[in-house]
Amino acid sequence: MVIQIPKETCPRPFLKWAGGKGRLIQQYKNYFPESYNTYYEPFLGGGAVFFHLQPSAAVLTDINPELITTYRCVRDSVDDLIERLKKHKQQHDKHDKDYYYEVRSYPEGSDLEKAARFIYLNKTCFNGLYRVNSQGKFNVPLGRYKNPGICNEELLRAASIALYKKKIRKADFAQVLNHATSSDDFVFFDPPYYPVSETSYFTAYSRYSFAENQQIKLKDVFVELAKQGVKVMLSNSDCPFIRNLYSGFNIYTISAARSINSNAQRRGKITEVLVTSY
């Protein structure tokens, strides 16, 4: 069941997110299941697919605690969050680089303060990239933006409406096995992609890496869900390893754009895969 919201107020991701699916939705549309009751997204990230589908019931999870805190604050306390973001914008306009690194250095505070910090850093850091060091500390440098969209009130309020009554939890992807159990459920996996080359190797969206053994564990979860009749969709890089892992399912080729590279000339079209169990 899908709720229809007028186009002018349609929600969309309020975060910039590496590997976000906003530009690929049009290619995905024909592969979404026709019907389901509850939507699950275990690698939430920017949530582009969730915001596009606007399911009436959803369980949104991610291993990143700051991301989950931010989504909950957008859902539950959007007005207070907007006020804090306005203050970040004022200080950023005055001090720019100094203020960015000061905020980056102090992750403590209330949930609202953490959420405002998360959005502020996301909008002002290089390429909206989320990367942490071995201690779990955010370490992306300041991006070069003339007018970063630190506080988009309309966007945040639309997201808050879309997230109303949705379940938002910190959880490992495998925990979806405890909840999605029937053909009434639809699970979309958008994990850190398997690297197609040494230079594309980036899996540190949280302090926990997502290496080959995690990809295999994810495939096992995909298989188990499919056995129970759950409708499952997964995106990943187009490479022999991934195609072999999911050779027993439907695999579709998607055209995408590589966007994370400091050299703009090295950003270009690549292919990804979309896998479905149905």
Side-chain angles (χ1 to χ4, degrees), residues 12-20 22 43-48 62-156 159-160 168 170 192-193 195 199-210 258-267:
R12 62 186 191 277
F14 59 88
L15 296 170
K16 300 191 302 184
W17 205 256
F43 297 93
L44 181 53
D62 200 281
I63 197 66
N64 186 329
E66 292 186 6
L67 179 71
I68 292 303
T69 294
T70 300
Y71 269 89
R72 286 175 172 168
C73 288
V74 170
R75 179 192 63 188
D76 301 334
S77 308
V78 69
D79 290 335
D80 291 336
L81 180 60
I82 285 171
E83 289 306 309
R84 283 166 171 78
L85 284 170
K86 286 180 178 178
K87 293 178 181 178
H88 277 307
K89 184 180 186 318
Q90 291 172 354
Q91 293 300 314
H92 184 85
D93 290 345
K94 291 179 181 178
H95 305 291
D96 194 1
K97 184 176 180 179
D98 292 339
Y99 185 70
Y100 174 86
Y101 287 107
E102 178 183 345
V103 172
R104 198 185 76 168
S105 299
Y106 296 99
E108 303 304 321
S110 67
D111 283 352
L112 272 169
E113 289 167 340
K114 290 177 181 177
R117 172 184 180 270
F118 191 92
I119 294 174
Y120 165 70
L121 293 176
N122 174 264
K123 295 297 184 180
T124 53
C125 74
F126 173 74
N127 265 12
L129 187 65
Y130 186 88
R131 184 188 66 200
V132 295
N133 60 23
S134 58
Q135 286 78 44
K137 295 182 179 180
F138 184 78
N139 63 355
V140 180
L142 177 68
R144 298 179 180 178
Y145 307 109
K146 290 184 177 179
N147 186 29
I150 295 169
C151 184
N152 187 326
E153 293 187 46
E154 182 179 348
L155 183 62
L156 289 165
S160 183
I168 305 171
K170 176 183 177 295
Y193 279 16
T199 56
S200 69
Y201 202 99
F202 173 73
T203 62
Y205 291 104
S206 72
R207 73 181 70 182
Y208 310 102
S209 64
F210 205 88
R258 181 186 290 108
S259 59
I260 304 177
N261 199 306
S262 58
N263 185 343
Q265 294 181 345
R266 293 183 180 178
R267 302 175 189 172

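We're numbering straight along the sequence, starting at 1. No experiment lies behind these values; they were computed from the predicted model shown.
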Gap separating the CG atom of Asp80 from the CD atom of Glu113, nearest 0.5 angstrom: 11.0 Å
From Trp17 atom CH2 to Leu44 atom CG, the distance as rounded to the nearest 0.5 Å: 8.5 Å
Sub-4.5 Å side-chain heavy-atom contact between Tyr130 and Leu121: no
Phe118 and Lys114, any side-chain heavy atoms less than 4.5 Å apart: no
Under 3.5 Å donor-acceptor, Arg72 side chain and Ile168 backbone: yes
Intermediate values then yes/no, side-chain contact (heavy atoms from CB on, under 4.5 Å), Ile68 and Asn64: CA-CA 6 Å; Ile68 292 303; Asn64 186 329; 5.9 Å; no
Heavy-atom closest contact (Gly22 atom, Ala48 atom, distance): N-CB, 3.5 Å
With Arg117, the side-chain contact (heavy atoms from CB on, under 4.5 Å) member among Thr70, Leu85, Val103: Val103
Phe138 and Glu66, any side-chain heavy atoms less than 4.5 Å apart: no
Side chain proximity check, Ile119 to Leu15, heavy atoms < 4.5 angstrom: yes
Arg131 side chain to Asn139 backbone, donor-acceptor under 3.5 Å: yes
Polar side-chain atom of Tyr71 near backbone of Gly45 as donor-acceptor pair, under 3.5 Å: yes
Heavy-atom closest pair, residues Gly46 and Pro13: O-CB, 3.3 Å
Validation row: Ile63, Phe43 side chains within 4.5 angstrom (heavy atoms): no
Interatomic distance, Tyr100 atom OH to Lys123 atom NZ [nearest 0.5 angstrom]: 13.5 Å
Nearest-0.5 Å distance, CD of residue Gln90 to OH of residue Tyr99: 9.5 Å
Rounded distance [0.5 Å steps], CG in Leu155 versus CG in Asn152: 4.5 Å
Heavy-atom pair with the smallest gap, counting every atom of Ala116 and Leu81: N-CD1, 3.5 Å
Exercise: identify the closest heavy-atom pair between Lys16 and Cys125: NZ-O, 4.4 Å
Partner of Thr124 by side-chain contact (heavy atoms from CB on, under 4.5 Å), out of Lys97, Arg144, Lys89, His92: His92
Non-hydrogen side-chain atoms of Tyr193 and Phe210 separated by less than 4.5 Å: no
Beyond-backbone contact of Glu83 with Asp79, side-chain heavy atoms, under 4.5 angstrom: no
Flag side-chain contact, heavy atom, 4.5 Å: Leu142 against Tyr101: yes
